[in-house]
Amino acid sequence: MLKGPFLDRNWMGQNPDYRSSDIVMIGLPFDGTVSYRSGSRCAPEQIRLASWGLEEYSPRFDKELAECNFHDAGDLEFPLGNTKASLKMIKENTAQIYSDGKKILGIGGEHLVTYPEIEAISEKYKEDLAIIHFDAHTDLREEYLGEELSHSAVIRLCTKFVNPANIKQVGIRSGMKEEWKFMNENKTLVHEYSELDCLKNKKVFVTVDLDVLDPSVMSGTGTPESGGMSFNELMGWFEYLKDFDIVGADVV
Ligand code: MN
Ligand code: MN
């Protein structure tokens with residue numbers, strides 16, 4: 001027996017046992033519909049590697065990572081170029097996580113991965129499911145270049161399963177006139193923490209498109225957009241979400 005220690009390629013602090021875990025981190029290395037800069041499919045493994053440079057204690061939340069009982073399941077392996085089959089895989093694996101009584105933490109990949117997650121989770125929570133969406137972009141298009149299955153249409157797609165009254169959007173600063181009309185009509189865009197309070201009795205899925213951050217903070221995104229949040233501003237929103245019933249999340 002070699003003495004080691006050996007480098008673990010999973011996220012630091014994970015529970016190696018799926019069955020006894022409460023949260024399942026799952027890599028979703030899909031960037032098939034990215035319109036500008038591709039490469040986000042390489043993100044899950046890079047994020048894992050970078051995790052080894054972090055401390056396991058968060059002074060901000062006064063919490064140890066070990067207090068979050070999560071299992072890193074690894075990355076799904078997608079049939080390259082086949083969007084529909086990839087989304088089906090995400091939906092099936094998400095459904096399994098929830099039928100096993102656990103919650104998902106998806107690591108993208110691009111934003112379209114959220115659609116099959118929401119489809120699967122809505123089967124469990126029905127009209128109680130709500131979405132809090134952090135992004136630079138509205139992601140409310142009907143289609144992009146004739147394609148309905150696009151990262152830029154993901155929140156619109158999610159309205160098939162979640163009533164717009166239960167969707168709140170934060171940090172949005174780019175979109176088409178029609179998308180802005182949708183946000184105004186449905187009052188989805190919020191600017192103050194307290195505007196989220198109407199979702200406190202809901203089952204909340206938090207989806208974070210990292211381009212919500214300013215490109216000076218987070219430059220390596222598919223479609224960078226100036227005028228974004230600082231890191232601490234985003235953390236302030238996360239801190240406010242401590243009082244919410246979060247049933248799943250992803251970072252794309
Ligand atoms: Mn997005
Ligand atoms: Mn975006």
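All residue numbers refer to positions in the sequence shown, counting from 1. Since we're looking at a predicted model, the values are computed, not measured. Read the numbers this way: they start at 1 and go in the same order the structure lists the ligands and their atoms.
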Whether Tyr240 and Tyr193 hold their rings parallel, tilted or perpendicular, with breakpoints at 30° and 60°: parallel
Distance-only side-chain donor-acceptor flag, Ser40 / Glu110, under 3.5 Å: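 Note: Ser40 and Glu110 side chains miss the donor-acceptor criterion.
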Polar side chain donor-acceptor pair, Asp250 to Thr114, under 3.5 angstrom: yes
Within the 6.0 Å centroid threshold, strictly below: Phe205 and Phe161: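 No.
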Every N, O or S from the protein that is nearer than 2.8 Å to the Mn ion (ligand 2): Asp135 OD1, His137 ND1, Asp209 OD2, Asp211 OD1, Asp211 OD2
Exceeds 12 heavy-atom contacts within 6.0 angstrom, atom NZ of Lys63: no
Electrostatic pair Arg156-Glu142, nearest N-O below 4.0 angstrom: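 Looking at Glu142 together with Arg156, the answer is yes, because their closest N to O distance falls below 4.0 Å.
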